[in-house]
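Heads up: the structure comes next, in structure tokens.
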Amino acid sequence: MGNLSDSIPNRFDYKQASAEIYAAWEADGCFQARVNPDRKPYTIVIPPPNVTGALHLGHALNNTLQDIQIRWHRMRGFEALWMPGTDHAGIATQAVVEKRLKEDENKTRHDLGREKLVERIWKWKDEYETRILNQLRSMGCSCDWDRTRFTLDETCAKAVRTTFADLFGKGLIFRGKRLVNWDTFLQTAVSDDEVFHAVTKGHFWHFKYPVINPQAGEPTHVTIATTRPETMLGDTAVAVHPDPEKALNTVEELLREKLAHVPEKEKEAVQQQIDALDERRRSHLPLLETLADMAKRGAKLMLPLVDREIDLIADEWAKPELGSGCVKITPAHDPNDYEVGLRCDLRMINILNPDGTLNDHAGSYEGLTIKKARAKVVEDLEELGLMVEIEDREIDLAHSDRSKTPIEPYLADQWFVKMEQLAQNAMDAVTDSRVKIFPERYAKGYLDWLGEKRDWPVGRQLWWGHQIPIWTKTFDSAEEAGNAAATWNAHTDAASGAISAAVESPATVHVCVREEGHATEAELEMQGFVRQEDVLDTWFSSALWPHSTLGWPEKTEELDYFYPTSALITSRDIITLWVARMVLMGLNNLGEVPFSEVYIHPKILDGAGETMSKSKGNGVDPIDVMDKFGADALRFGLTWLAAETQDVRMPVQFECPHCEEAINQTKKNRQLPTIECPKCNKPFSTQWAKTDEDKAHPRGAVISERFELARNFGNKLWNAARFVMINLEGFAPQRLDYTALPLEDRWILSRLSTTTQKVTDAIATYHYSDAARLVYDFAWDEFCSYYVEMAKPRLQDPEKKAATQQVLAHTLDQLLRLLHPMVPFITEAIWQQLAQFGDVRSLSGKAEDQKWLMRSDWPEAELEHQDAQIETQFASFVSVLGALREIRSRQGIKPKETVRFTVQCAPEIVALLEPMQTYFEALAGATCEGLGTSFGDLQIPPAQVSVDGMEVVVDLGDFIDVDAEIARNEKLDANLVKQIAGKEGKLSNENFVSRAPEEVVAKEREALEELKKQLASVRESLKRLRDSK
RNA sequence: GGGCGGUUAGCUCAGUUGGUUAGAGCGCCACGUUGACAUCGUGGAGGUCGGAGAUUCGAAUUCUCUACCGCCCACCA
């Protein structure tokens, strides 16, 4: 016994052991999945992390949950494939690299050129991909690394071009004008979700356009207002409501309806709005009516500064209740105006160059930046006497998330994917449950979003990405174009294979070539076709991920075997962008959904409820957590917190590198370059350290104490295993007759069986937190606190030792399996040590033939071990134990002192407790002097506790603190009186007695009797205690 | 403006189909280092379950309204 306790340290050296174990697993091919007809496949494709930067805690959660499913299924006998990889992340990555280029070398991408920039981004990608994959390894992720893919690698590129050509051929790719969010710094369109809004101070300019040849009774000018006066250069109309009176009435109706429902305190504000309408009828309506009539007769206005004739139009977009009631229409630079432009067939004049300066449509303003143009337009309008008023106003301005510069709405040619049918197919897959989403409520967002069936703009004006495989040429006539298209289309089924062509009215031909580097490409270029510069939206390649990673469009064995994949585990913010697109692309390319289940996990927020991010400084790095607590603690901690409905709130601390003090992070201190530790008064640096002075201090990690629970649990498990192994010397496996086992063995086996069943169920339904809690409680409270404690005396008894060893070995072995998916390293480390006691550890006597725990079998719940009666019996034991401990504690009995006790209880409880008698000694330092009996008359009154229909009486002799007992009993007395009153009240309520189910009433009666008994007992005790004084 | 989620102990969260005295971890208080574990053990204190109303014999749990927090979508001359 001595050598083992010396050789097993009482701490798990997670740093060294984890690395060694992982390397050994990998070397032994434990992560590999192969096409294997003898097993059922289980597949997860990783949500490929962006190569923009290192992984954060959200990724850690995402990947932990995936690894749990993968490891669990692997143990259950599935051929489990976890497909790893990373995402090129289009604009995000290019923006990061461009920013770096600007900072380090003061160069723009145009200084470098496309090729050089892309080269730089590849370098960045290599660096971060390595970092990311190593982070995943440190976390213990059991990915099949041989299959690692990148969304921009050749396999994926082929899938992208094949898909694009297919859609093009089906007529689902088309070209259209579209207002895009133009980032003038990066000179690219950014998607709506890459835009953030910020309120800035600005102005609201009111100015007027002259009416051309106004007729009698008509105004000479029309007043409009805008926050962006320079856009007037692109105006092609001014709109007025066709029926302003009706519009005002409608508004009033709505307001009156609101008035009826709105709370009292808001009524006044609504009433004011209604009054304002009356005022407006007087002040504006006659003019607006006139203008509406003018619009109908086709009146024209003169657009000042550029002297362009524009229409006065009637359109409902103009709101008579706002501003002057007239609105300028700039279809090429405003989303709403664009809609008006389409409706009224207006000219769309783009006044901007890609770099944000004005182009030749702006006349004399050409070449100016927006800012300068704005100032000059205002100045010139003032000079012409057309400026009416300038208001100060706060403006909610769209900014690019990537460059932080203001967005300019900009009309550009874009490539679109027609969504109508694709979206419908993806919706059907969820409605008919071919794809199930957990938690279910997220299906709504998915369906709503797809239901809009908005065409998908897939082009990005970037250099980093899959370049659109289209060559374009504009011919002199539609006829020529038609001929060219027909010629190229004729090649489609010929040797050159994969081509299709389409004419964009009037005379532009687009040719899409499927094969990369095909001779056709050169041929097209020779004929004057030019390849589209744009690259595809990064989500286009991500949408193919579940099948492109398996080799599609090749008909690979892997594709056949592993597709459709089994589960997709991801975070809620990309349900639409990614999940929906994967479903529709999977259906389009393979006719099958890409996965059958989608699990959406919570997000990780900091202590203030904000999302974590590097730019806020509240981001916890999984590496720091692993350094401090270990990978298992990171994983278990996250699993523990991953409950169904809630996001994970995780208060964050700085850790002082000098004294390890944890300093709560606040909004104030989280962006400081250095912080002084309040405990040891030494400074440390943070991620914000920029100056040499700041950087000289050692770095304080950002961590969260949230992981202590998991770290402690690992330690508990390790030491329980240590205890078992120290006591396993001379262990000889044997077949035990379950029915002949003593109560404590049957109890722990019953609990093990129940736990196994529940944990299995929890993981299967993605109730991760439940799974963690179940196994934590079993391991700590049941196995350690009771079974191991009870095993101690038994191991000293030669008669009982062997059976005890067997049950200990079995339970530990099974427990390790249950825990392995969540905490793979520590369980594997223990399991390897346990192996030295032979390969037969299970009660069944079956020899374990796997070298690695991660490759061993998941436990089956032994249903015949579940025994409710045994569990009740054990509960009585625990109650008595608790009573004894409480008395000891209350009375301040020293641990070394043994006390004597009896339990007064019914005969059937005596039978329950009988076999457990000896354990009171070991677990509570109390000797049982009788069950079902009392001490008889003691000279000094005993301490007494009544629980579950039992009276636990402890003879403390002279040691008793009578006053303490009296105080306690008095408190109990009062409490019982209160409860009894409550129960009596309930039972005297005729309604309750007659309407509640009989069993509930009976239960209440029983409880009342029990309470009364207790009260009697307490009072008797009190009397004796008082008498003794 | 539309939708979703949350509000339970000082903190972070559980709470199954409504039914005894609402649980856990951390923190706090008291005691404790006898050979698995002080990253531990034993005991204790601490909650009128955001508010109002309704249904019911009975509500943390169901329904309605409401407040606050968070997220998503739309819109903002």
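Each chain gets a letter, A, B and so on, in the order the sequences are listed, and its residues count up from 1.
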Please determine, for the side chain of [X], which listed nucleotide ([options]) has the closest atom?
X	options	result
A:Arg572	B:rA14, B:rA77, B:rC71	B:rC71
A:Pro651	B:rC71, B:rU20, B:rU12	B:rU12
A:Leu709	B:rG19, B:rG25, B:rG41	B:rG25
A:Glu886	B:rG43, B:rG19, B:rA77	B:rG43
A:Lys983	B:rU20, B:rG19, B:rA77	B:rU20
A:Asn10	B:rC37, B:rU20, B:rG5	B:rC37
A:Thr227	B:rC37, B:rA77, B:rG3	B:rA77
A:Gln979	B:rU12, B:rC37, B:rU21	B:rU21

For [N], does either OP1 or OP2 sit under 4.0 Å from a side-chain N or O belonging to [X]?
X	N	answer
A:Trp449	B:rG2	no
A:Arg454	B:rA74	yes
A:Arg11	B:rU39	yes
A:Asn975	B:rU21	no

Between [X] ([atom1]) and [N] ([atom2]), how many Å, whole number?
X	N	atom1	atom2	value
A:Glu708	B:rU39	CD	P	10 Å
A:Leu641	B:rA24	CG	P	18 Å
A:Ile893	B:rA30	CD1	C1'	15 Å
A:Glu990	B:rU56	CD	P	17 Å
A:Arg649	B:rC13	CZ	P	6 Å
A:Lys603	B:rG5	NZ	P	17 Å
A:Leu717	B:rA36	CG	P	16 Å
A:Gln891	B:rU42	CD	P	20 Å

Does A:Ser704 reach the main-chain N or O of A:Pro651 with its side chain, forming a donor-acceptor pair under 3.5 Å?
->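 Yes, because the side chain of A:Ser704 sits within donor-acceptor range (under 3.5 Å) of the backbone of A:Pro651.
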Indicate yes or no for a side-chain donor-acceptor contact from A:Tyr14 to the backbone of A:Lys628 under 3.5 Å, with no hydrogens or angles considered.
->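 Indeed, once roles are kept as given, a pair shorter than 3.5 Å links the two residues.
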Tell me what [X] touches on the nucleic acid: a base, only sugar-phosphate, or nothing, going by heavy atoms under 4.0 Å.
X	value
A:Trp780	sugar-phosphate
A:Ala225	sugar-phosphate
A:Trp317	sugar-phosphate
A:Lys716	base
A:Lys896	nothing
A:Phe713	nothing

What integer number of Å spans the [atom1] atoms of [N] and [M]?
N	M	atom1	value
B:rA36	B:rG41	C1'	12 Å
B:rA9	B:rA24	P	14 Å
B:rU33	B:rC40	C1'	9 Å
B:rC63	B:rU17	P	12 Å
B:rG47	B:rG5	C1'	24 Å
B:rU61	B:rC49	C1'	10 Å

Decide, yes or no, whether a salt bridge links A:Lys983 with A:Glu1010 under the criterion of side-chain N to carboxylate O below 4.0 Å.
->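 No, A:Lys983 and A:Glu1010 are not salt-bridged.
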If you measure from the Lys or Arg side-chain nitrogens to the Asp or Glu carboxylate oxygens, is any gap between A:Glu316 and A:Arg343 under 4.0 Å?
->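 Salt bridge: no.
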Under 30°, 30 to 60°, or over 60°: which ring-plane class applies to A:Trp780 and A:Phe713, parallel, tilted or perpendicular?
->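 Parallel: the ring planes of A:Trp780 and A:Phe713 meet at under 30°.
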Mind checking whether A:Phe707 and A:Phe629 have parallel, tilted or perpendicular rings, split at 30° and 60°?
->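 Geometry flag for A:Phe629 against A:Phe707: tilted rings.
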Can the positive tip of A:Lys716 be found less than 6.0 Å from the middle of the six-membered ring of A:Phe783, inside 45° of the ring normal?
->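 Pair A:Lys716/A:Phe783 does not count as cation-pi.
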Pairing nucleotide - [N], Watson-Crick or G-U, each distance under 3.5 Å:
N	result
B:rG1	B:rC73
B:rC11	B:rG25
B:rU20	none
B:rG50	B:rU66
B:rC37	none
B:rA59	none

Polar pair under 3.5 Å, donor/acceptor by atom type, side chain [X], base [N]:
X	N	value
A:Glu789	B:rA36	yes
A:Arg888	B:rU42	no
A:Lys792	B:rA36	yes

Identified side chain to side chain donor-acceptor pair (under 3.5 Å) partner of A:Lys328 from the options A:Thr236, A:Thr231, A:Asp337, A:Asp334 =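 For A:Lys328, the side chain to side chain donor-acceptor pair (under 3.5 Å) test succeeds with only one of A:Thr236, A:Thr231, A:Asp337, A:Asp334, which is A:Thr231.
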Position toward the 5' end of RNA chain B (nearest nucleotide), A:Asp334 or A:Cys784 |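 Counting from the 5' end, the first nearest nucleotide belongs to A:Cys784.
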Given that A:Glu452 and A:Arg885 both sit by RNA chain B, which one's nearest nucleotide is further toward the 5' end?
->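 Nearest nucleotide further toward 5': that of A:Arg885.
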Considering residues, nucleotides and ligands other than A:Lys453, do more than 12 of their heavy atoms fall under 6.0 Å from its NZ?
->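 Atom NZ in A:Lys453 is packed in, count exceeds 12.
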